[in-house]
**Student:** 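Take this structure first; my questions come after.
Computed from heavy atoms alone, side chains included, the values below leave out hydrogens, waters and symmetry copies.
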There are 2 protein chains.
Amino acid sequence: MKQPDATRLVDVAAAAGVSLATASRAMTGGTGVSDELAEHVRAIAERLGYVPNLHARGLAGGLVSSIGLVVHEIGDPYFAEIASGVLHRASLAGQSVQITHADRDPRSELTQVNALMMQRVGSIIIAGSGYTDPALEAPLGDALAQYRTRGGRVAVIGRHHLDVDAVLPDNHAAGVSVATHLTGLGHRRIGVIAGPLGLNTVSDRLDGLRSVFDSTGVHVTVVSHSFTREGGIDGTNALLDRGSPVTAMVALNDAMALGVLRALRQRGMRVPEDVSVAGFDDIAVVSDVAPALTTARIPMAEMGAQAVALILRAEADEPRRISMGHELIVRASTAAPPD
Amino acid sequence: MKQPDATRLVDVAAAAGVSLATASRAMTGGTGVSDELAEHVRAIAERLGYVPNLHARGLAGGLVSSIGLVVHEIGDPYFAEIASGVLHRASLAGQSVQITHADRDPRSELTQVNALMMQRVGSIIIAGSGYTDPALEAPLGDALAQYRTRGGRVAVIGRHHLDVDAVLPDNHAAGVSVATHLTGLGHRRIGVIAGPLGLNTVSDRLDGLRSVFDSTGVHVTVVSHSFTREGGIDGTNALLDRGSPVTAMVALNDAMALGVLRALRQRGMRVPEDVSVAGFDDIAVVSDVAPALTTARIPMAEMGAQAVALILRAEADEPRRISMGHELIVRASTAAPPD
DNA sequence: TATAGTGACGAAAGCGCTTACGAAAGCGCT
DNA sequence: AGCGCTTTCGTAAGCGCTTTCGTCACTATA
C-alpha cells in the first residue's frame with residue numbers, strides 16, 4: 001500500500017521556484033496569486049504529471065467535491081436510468097460519483113448515507129421512494145440535517161418528507177393520466193397491482209388512479225406485492241385467483257407490468273383483447289415487449305441530471321424542489337374492453 | 001465545508017483511557033492489542049458514534065480499501081448487471097464502490113482510471129471489451145502496471161491483453177453454440193450484425209460463429225454497427241437493403257438483437273417464420289419480447305462478483321484469469337428456415 | 001517625505017489517522 | 001536474581017494538502 005514515486009505538490013512548487021502555499025493557490029484557482037505565476041505553476045505541474053492527492057485535500061480542506069449516490073438497486077432499470085442521468089451530468093461538471101445501493105432495503109439507506117458521510121463526500125443524492133409515514137423518514141432526515149450543517153449538499157429524488165432539495169416526479173398526475181385513459185376506453189372493472197403500500201411512489205400513483213376511478217364508478221381491486229417483475233407475476237395470480245373479473249390491469253411500475261404480461265400469457269389470456277395492461281415509468285424495454293406497453297413515462301435520466309444541478313448550484317439557500325412532468329405513452333397493450 | 005463536531009479517534013482514545021495508537025490498532029483490527037482491550041475501545045467508539053475519517057486514513061495509510069469500477073455505460077443492461085454483481089459482492093465484503101463510466105469511449109477509460117488512481121482507491125475493476133489489437137491496449141496496460149507497483153489491485157472483465165487479473169466470458173464457445181444451433185435447424189444463409197470490429201468481444205464471438213459456419217458451408221454476411229439497439233436496427237436495414245437473402249440473423253449482443261427484431265417487424269417480416277433471430281448475453285428483458293429471444297446467456301452479475309473476489313483475495317501473486325461458461329437459451333425467435 | 005493601505009507571496013500550523021520505534025512488563029530459563 | 005525473549009502499549013513522526021497569519025514590496029494620500 002505504498003506509493004513510491006508520485007510527484008507531490010511540493011515537488012511542483014520546487015520546480016516552479018515558488019512556495020508550497022503559492023503552488024496550492026495556483027492549483028486550486030484560489031486568489032492571492034498573480035495570473036501569470038499561477039499559469040506558470042500549472043504548466044510545471046502538467047509537465048511533471050502531478051496528480052493531486054484527494055485524501056490530503058479532503059483532510060486539509062474538509063469535505064471533498066464528489067457526489068455520493070444512494071440507489072435502491074442498480075439492477076433495476078428505473079434506478080439504472082436515474083444513475084445514468086446523474087453520472088452524465090456529474091461528469092460534465094467534473095465531479096466523480098460514488099454509487100452505493102440499498103439493496104431494496106430502506107433501512108439500509110441510512111447505513112449507506114453514513115458510509116458516504118464518513119468518506120466526507122461533498123454531496124449526497126438519494127434516489128428512491130420514501131415512506132408515506134413521516135415518522136419513518138425521521139432518522140434519515142436527522143442524519144441529513146446534521147450533514148448539511150457540516151456543509152454537505154443533499155438532494156433526494158422522489159421523496160417529499162425531507163427538508164432538502166428534491167426532484168419529484170408527478171406520480172399523482174401520472175396516475176390520473178393512466179386512469180383517465182382506461183376509463184375513457186370504457187373499462188369499469190380494473191385491477192391494480194401495487195408495490196409496497198408504505199411508499200410514496202405507490203401511494204401517490206394509487207391516489208391519482210383512485211381520484212379518477214372513484215368519480216367514474218369504476219370497481220377497483222388492489223393487491224400489493226414487491227416492486228419487481230416477480231411481484232407483478234404474483235400479484236396477477238393473486239388477483240385472478242381471487243376471482244375478481246377485470247378488463248384492465250394497471251401495474252404501479254413497468255417492472256411489475258412486465259410480470260403482469262407474463263402471468264397473463266401463462267394463463268392464456270390475450271392482451272389487450274381479453275384484458276388491457278398499463279404501467280408506469282417507460283423503462284427502455286417496454287416498447288419492445290409484446291404487446292408494447294402503454295405506460296406513463298417518467299423522465300428518469302432527466303431527474304438524475306436535475307438532482308445534480310440542484311446540488312451544484314452556488315448557494316445552498318432554502319431547499320428547493322423541482323417537479324417533473326410525465327407523459328402518457330399509449331401503445332398496444334390497452335384497448336377497449338371485450339363485449 | 002467545515003465539520004464542527006465529529007468525534008475523532010483521539011476522543012475515543014481519551015474516553016477509553018488508552019493512547020491514540022492503541023485506539024487505532026483496535027479500530028483497524030491490527031495486531032498488538034489484547035482482544036479485550038480492543039473490544040473495549042470498539043464499544044466506546046460505538047457509544048460515541050465515532051466515524052473514521054477516510055481521508056485521514058488514506059493519507060496516513062496509502063491506498064484506501066475501496067473499489068473503483070469503470071464501465072462503458074451503466075445505461076446498458078449488460079454493464080448494469082455486471083455493476084450489480086460487483087456492488088453486491090463488494091457490500092458483502094464491506095467495500096464501497098465508486099462507479100465511473102467511459103461513455104462508450106474506450107479512450108475515456110484511461111481518463112477514468114487516472115481519476116481513480118488520483119483518489120487512491122485500493123482496487124480498480126474495468127468492465128468492458130478491449131481492443132483486438134494489443135498495441136491499442138498498451139497505454140491502459142502501462143497505467144495499470146504502474147498502479148500495481150504502488151500496491152493497487154486490478155481486475156478486468158472481458159479483455160485478455162492486459163497482464164492483470166481477468167474474468168473472461170467464453171465468447172468463442174458462445175459463438176459456436178449459437179452457430180451450431182442455427183445450422184442444426186437447417187439455416188444456410190445467415191446474416192451477422194456485429195458491433196465494432198476492433199473489440200475482443202466482437203471478434204471472439206464472430207470467430208466462434210465462423211468456425212462453425214465455415215465448416216458447414218454456410219453463406220454468411222457480416223455488417224458492423226454500434227453495439228446498441230439502434231445499431232441493430234441500422235445493421236438490419238443495411239443488410240437487407242443490400243439484398244442478401246438470409247433465413248437467420250444473429251446479433252452479437254442482445255441490445256442489437258432487440259433492434260433487429262424491431263427492424264424486421266417494421267419491414268413486415270415475421271420471426272421466426274420468415275427469419276430466425278439469435279443474440280448474446282441474455283439481458284433481463286429478452287425473455288419478455290415478442291418473440292422471446294434465443295440467446296447465449298453470459299453470467300454478467302456473476303462475472304462482476306468474480307472480479308471482486310479476485311481483487312479481494314489475500315495475495316496479489318500472479319495475475320489469475322477466470323473463465324466463465326455460457327448457456328444457450330433457446331426460445332421462440334429461432335426455428336427451421338422457411339420452405 | 002512620512003504614513004497608511006493594498007496585493008503577492010512565504011512560513012508554518014494543523015486536518016485525523018497509521019505506523020515505525022522504544023519502553024515497560026510478563027514469561028521461562030539458567 | 002539476572003538474562004533474553006515476547007507481548008502490549010505509548011510517543012512521535014509524518015502522509016500531502018489547505019489556510020491563516022505575517023512579511024515585504026509597492027502605491028496612494030497628506
Side-chain angles (χ1 to χ4, degrees), chain A residues 1-42 44-45 48-66 117-120 122 150-151, chain B residues 1-42 44-45 48-66 117-120 122 150-151:
Chain A
M1 289 296 201
K2 280 294 175 51
Q3 6 187 356
D5 33 44
T7 60
R8 294 150 306 162
L9 189 52
V10 334
D11 304 325
V12 175
V18 299
S19 77
L20 176 57
T22 303
S24 170
R25 286 188 273 255
M27 295 307 296
T28 55
T31 65
V33 218
S34 61
D35 290 346
E36 38 186 340
L37 218 200
E39 188 48 52
H40 174 231
V41 172
R42 272 185 239 113
I44 301 270
L48 261 45
Y50 168 67
V51 176
N53 182 323
L54 238 31
H55 289 312
R57 250 186 206 178
L59 224 211
L63 298 182
V64 93
S65 76
S66 72
M117 287 172 65
M118 133 168 165
Q119 308 197 26
R120 267 66 176 180
R150 297 193 193 178
Chain B
M1 288 298 198
K2 277 296 174 50
Q3 9 187 355
D5 35 43
T7 60
R8 297 152 304 163
L9 190 52
V10 331
D11 303 325
V12 175
V18 300
S19 78
L20 177 56
T22 303
S24 170
R25 285 188 273 255
M27 295 308 296
T28 56
T31 66
V33 218
S34 61
D35 291 345
E36 40 187 339
L37 217 198
E39 187 49 50
H40 173 232
V41 172
R42 272 185 240 113
I44 301 270
L48 261 46
Y50 168 67
V51 176
N53 182 322
L54 238 31
H55 289 312
R57 266 196 191 167
L59 225 209
L63 298 181
V64 93
S65 75
S66 71
M117 288 172 65
M118 137 167 163
Q119 308 198 25
R120 267 63 175 179
R150 297 192 191 176

**Student:** Find the distance A/Arg120:CZ to C/dC17:C1' and express it as a whole number of Å.
**Tutor:**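 Distance check: A/Arg120 CZ to C/dC17 C1' gives 11 Å.
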**Student:** Can you name the residues that form a side-chain hydrogen bond (donor to acceptor under 3.5 Å, both in side chains) with B/Thr22, not counting sequence neighbours?
**Tutor:**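 Per chain and number, B/Thr22 pairs via side-chain hydrogen bond (donor to acceptor under 3.5 Å, both in side chains) with B/Ser19.
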**Student:** If you look only at pairs with a residue in residues 55-66 of chain B, which of them pass as a salt bridge (Lys or Arg N to Asp or Glu O under 4.0 Å), with sequence neighbours excluded?
**Tutor:**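 Of all non-adjacent pairs touching residues 55-66 of chain B, none passes salt bridge (Lys or Arg N to Asp or Glu O under 4.0 Å).
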**Student:** Go through the structure and list residues passing side chain to side chain contact (heavy atoms under 4.5 Å, CB included) with A/Ala13, not counting sequence neighbours.
**Tutor:**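 Here the qualifying residues are A/Val18, A/Ala23.
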**Student:** Quick one: A/Met117 CE to C/dG16 C1', roughly how many Å, whole number?
**Tutor:**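 Going from A/Met117 (CE) to C/dG16 (C1'), I get 17 Å.
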**Student:** State which of C/dG16, C/dT18, D/dC17 makes the closest approach to the side chain of B/Ala56.
**Tutor:**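 Closest of the options to the side chain of B/Ala56: C/dG16.
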**Student:** Whole Å only: how far is the CG atom of B/Asn53 from the P atom of D/dC17?
**Tutor:**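 Between P of D/dC17 and CG of B/Asn53: 16 Å.
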**Student:** Who are the side-chain hydrogen bond (donor to acceptor under 3.5 Å, both in side chains) partners of A/Ser34, not counting sequence neighbours?
**Tutor:**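 A/Ser34: no side-chain hydrogen bond (donor to acceptor under 3.5 Å, both in side chains) contacts found.
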**Student:** Please tell me if A/Arg8 has a side-chain N or O lying less than 4.0 Å from either OP1 or OP2 of D/dG16.
**Tutor:**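 The answer is yes; a side-chain N or O of A/Arg8 sits under 4.0 Å from OP1 or OP2.
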**Student:** Report for the helix from C/dT1-D/dA30 to C/dT30-D/dA1: angle between first-end and last-end helix axes, five pairs each, rounded to 10 degrees.
**Tutor:**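 End-to-end axis angle: 40°.
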**Student:** Could you work out, with side-chain hydrogen bond (donor to acceptor under 3.5 Å, both in side chains) as the rule, every residue matching B/Thr28, not counting sequence neighbours?
**Tutor:**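 B/Thr28: no side-chain hydrogen bond (donor to acceptor under 3.5 Å, both in side chains) contacts found.
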**Student:** Using the side-chain hydrogen bond (donor to acceptor under 3.5 Å, both in side chains) criterion, which residues pair with A/Arg25? Sequence neighbours excluded.
**Tutor:**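 A/Arg25 satisfies side-chain hydrogen bond (donor to acceptor under 3.5 Å, both in side chains) with no other residue.
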**Student:** Extract from the structure each pairing of a protein N or O with an N or O of nucleotides 9-11 of chain D at less than 3.5 Å, listing the distance.
**Tutor:**
| unit_1 | atom_1 | unit_2 | atom_2 | d |
| --- | --- | --- | --- | --- |
| D/dC9 | OP2 | B/Ser34 | N | 2.8 |
| D/dC9 | OP2 | B/Ser34 | OG | 3.4 |
| D/dG10 | OP1 | B/Ser19 | N | 3.4 |
| D/dG10 | OP2 | B/Ser19 | N | 2.9 |
| D/dG10 | OP2 | B/Ser19 | OG | 2.8 |
| D/dG10 | OP2 | B/Thr22 | OG1 | 2.3 |
| D/dG10 | N7 | B/Arg25 | NH2 | 2.9 |
| D/dG10 | O6 | B/Arg25 | NH1 | 3.3 |
| D/dG10 | O6 | B/Arg25 | NH2 | 3.0 |

**Student:** Rounding to a whole Å, what distance do you find between B/His55:NE2 and D/dG16:P?
**Tutor:**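 It works out to 16 Å between those atoms.
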**Student:** When B/Val41 is tested against each of B/Leu9, B/Val33, B/Val12 for side-chain contact (heavy atoms from CB on, under 4.5 Å), which residue passes?
**Tutor:**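 For B/Val41, the side-chain contact (heavy atoms from CB on, under 4.5 Å) check succeeds only for B/Val12.
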**Student:** Does B/Ala15 have any side chain to side chain contact (heavy atoms under 4.5 Å, CB included) partners at least two apart in sequence or in another chain, and if so, which?
**Tutor:**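 Applying side chain to side chain contact (heavy atoms under 4.5 Å, CB included) to B/Ala15 gives B/Ile44, B/Leu48.
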**Student:** May I have the distance from A/Leu54 (atom CG) to D/dC15 (atom P), rounded to whole angstrom?
**Tutor:**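 A/Leu54 atom CG is separated from D/dC15 atom P by 19 Å.
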**Student:** Under 3.5 Å, is there a donor-acceptor pair between the side chain of A/Arg42 and the main chain of A/Ala26?
**Tutor:**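 A pair under 3.5 Å: yes.
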**Student:** For B/Asp35 and D/dT7, give me the distance from atom CG to atom P, rounded to whole Å.
**Tutor:**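 Interatomic distance, CG of B/Asp35 to P of D/dT7: 13 Å.
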**Student:** Could you work out which one of C/dT18, C/dG16, D/dT18 sits closest to the side chain of B/Leu59?
**Tutor:**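 Ranking C/dT18, C/dG16, D/dT18 by closest atom to the B/Leu59 side chain puts C/dG16 first.
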